[in-house]
Amino acid sequence: MIPESLQHVVRSDESLAPLVWLGIGGPAHFFAEPVDLDQVAAIVVWAAENDLPVRLLGSGSNVLVRESGFDGVVISLAAAATSGLSINDNRLTAGAGAQLSHAVVKAVGAGLGGLEHLVGIPGTVGAAVVGNVSSGGRDISPVVKAIRVVESDGTIREISQEDIGFTYRKTSLTGSMIVEVDFELDPGDSAALTKRLQKLWISRNSSRPADIDRIAMPFIDPDTISARELIQNVGLTGIREGDVSLDNAQPHYLIAHQGATSDQCLKLIDRVREQVLLQTGIDLQLNLQIW
């Protein structure tokens, strides 16, 4: 079923568990690692012609894969051509597969401000734009100039900032095949920006559970209170479901212990959402993608 022209970049029945932070999940029916945009386009066209759903996999920090796996095509954008970073004047162009933290450091090193408040947020540039990530009350949208997406017919379309549909922690891009993002940043003093970056990095790292690898942040912070405060206020810190729990010190993190399953994760998430809604009237929205 895999076209001969793609057999060197598409594999069958690839385990996804090692590729996502929670370490949970079955295989992808097809797993693709394209090395350039032409291959990305060819894979998208092949998937569309065969009615195969497609998902883009970045760093796997906000993905929960069911044990049954994903019956479609998972495309990794980790290759150099789809995760590169380049600067021209005050514009940073980033491949969607680039780590957001790498983009932040690249910009600051070039004396460009506007992304440094997002340092330490896990995930890729593409995922950050789709989810309109936010930190310190500022989201990523103001510095996004344009994005490029691959359509189902293989063409690449540019979408301007005004047409992306940014709202609080959301965009209209869910399901889109983003391959590149242009950021328009503010020239500044590199030394001052680096100093600010270092302070933010220390602060961000101190809020993450230490020495625990299989974690995820399942909830989006509501616009009035952080998910961490909300969970603490309703007494759900450390709550456990089988081999899955919320961290005792940082309860906005979900921890997958040895033996954890996707069903346990989903049950715990549902319990937390139900109790928070019951006690506060706030409907916690999911940060996790469920595959």
How far does CG of D38 sit from OG of S5, to the nearest 0.5 angstrom? 11.5 Å
Output, in order, the C-alpha distance, side-chain angles, deciding distance and verdict of side-chain contact (heavy atoms from CB on, under 4.5 Å) for Y168 and N132. CA-CA 7 Å; Y168 178 73; N132 193 18; 6.0 Å; no
In the hydrophobic clustering (ILVMFWY, side-chain contacts below 4.5 Å, transitive), which residues join L278, or is it alone? none
Do I87 and V181 land in one hydrophobic cluster if side-chain heavy atoms of ILVMFWY residues count as linked below 4.5 Å? yes
Could you tell me which non-hydrogen atom of V44 sits nearest to which non-hydrogen atom of E151, and how far apart they are? CG1-O, 3.4 Å
Please find the pair of heavy atoms, one from S12 and one from I2, that lie closest to each other, and give the distance. OG-CD1, 3.7 Å
CD1 (I239) and CG (L254) are apart, to the nearest 0.5 Å, by 10.5 Å
Minimal non-hydrogen separation, T124 against G97, with atom names: CG2-O, 3.6 Å
List the steps and the verdict of side-chain contact (heavy atoms from CB on, under 4.5 Å) for F219 and I231. CA-CA 10 Å; F219 305 113; I231 291 167; 4.1 Å; yes
Exam field: side chain T171 to backbone F166, donor-acceptor pair closer than 3.5 Å: no
According to a 4.5 Å side-chain heavy-atom criterion applied to Ile, Leu, Val, Met, Phe, Trp and Tyr, with indirect links allowed, do M177 and V129 form part of one hydrophobic cluster? no
Quick one: does R240's side chain have a donor or acceptor within less than 3.5 Å of a partner on G242's backbone? yes
Side-chain ion pair, R148 and D182, N-O less than 4.0 Å: yes
Strictly distance-based, threshold 3.5 Å: is any side-chain N or O of T237 a donor or acceptor partner for the main-chain N or O of P251? no
Sub-3.5 Å donor-acceptor pair from the side chain of W46 to the main-chain atoms of M1, do we have one? yes
Flag, side chain of R273 to backbone of L284, donor-acceptor distance under 3.5 Å: yes
Please say yes or no: joined through hydrophobic side-chain contacts below 4.5 Å, possibly via intermediate residues, are Y253 and L230 part of one cluster? no
E180 side-chain N/O to T93 backbone N/O, donor-acceptor pair under 3.5 Å: no
State the OG-NZ distance between S86 and K106, to the nearest 0.5 angstrom. 7.5 Å
Same cluster (ILVMFWY, side-chain, under 4.5 Å), L85 and L197: yes
Can any side-chain N or O of N233 pair as donor or acceptor with the backbone N or O of E229 at less than 3.5 Å? yes
When you compare the side chain of L236 with that of V276, does any pair of heavy atoms fall below 4.5 Å? yes
Just wondering, more than 12 heavy atoms not from R214 lying within 6.0 Å of its CZ? yes
Residue pairs meeting salt bridge (Lys or Arg N to Asp or Glu O under 4.0 Å), one or both in residues 184-194, sequence neighbours left out, come to K145-E184
Check step by step if side-chain contact (heavy atoms from CB on, under 4.5 Å) holds for S141 and I164. CA-CA 9 Å; S141 62; I164 290 174; over 6 Å; no
On a heavy-atom basis, the closest approach of D163 and S172 is O-OG, 4.2 Å
Does atom CD (Q7) have a neighbourhood of more than 12 heavy atoms from anything else shown, all under 6.0 Å? yes
Is the backbone N or O of S262 less than 3.5 Å from a side-chain atom of E67, with the two atoms forming a donor-acceptor pair by type? yes
Does T261 form a side-chain hydrogen bond (donor to acceptor under 3.5 Å, both in side chains) with D263? I'd like the steps, not just the answer. CA-CA 5 Å; T261 67; D263 279 348; 5.5 Å; no
Can you tell me how far the OG atom of S61 sits from the CG atom of L288, to the nearest 0.5 Å? 9.0 Å
With sequence neighbours left out, the residues meeting side-chain hydrogen bond (donor to acceptor under 3.5 Å, both in side chains) with Q289 are W291
Identify whether I24 and I255 are in the same connected component of the hydrophobic contact network (ILVMFWY, side-chain heavy atoms under 4.5 Å). no
Verify, without hydrogens or angle tests, whether D71 (side chain) and H29 (backbone) share a donor-acceptor contact under 3.5 angstrom. no
Answer yes or no: is there a side-chain heavy-atom contact under 4.5 Å between L77 and V40? yes
For V9 versus Q39, what's the shortest heavy-atom pair and its separation? CG1-OE1, 3.4 Å
Could you walk me through whether S101 and Q99 pass the side-chain hydrogen bond (donor to acceptor under 3.5 Å, both in side chains) check? CA-CA 5 Å; S101 58; Q99 295 297 309; 5.1 Å; no
State the CD1-CD1 distance between I156 and I147, to the nearest 0.5 angstrom. 12.0 Å
Is it the case that the side chain of N50 and the backbone of L52 share a donor-acceptor pair, with hydrogens and angles ignored and the cut-off at 3.5 Å? no
Working to the nearest 0.5 angstrom, can you tell me the gap between L57 CG and E33 CD? 9.5 Å
Closest non-hydrogen contact found for P222 with I282 is CG-CG2, 3.9 Å
Candidate pair V143 and L92, rule side-chain contact (heavy atoms from CB on, under 4.5 Å), full reasoning: CA-CA 10 Å; V143 294; L92 168 66; over 6 Å; no
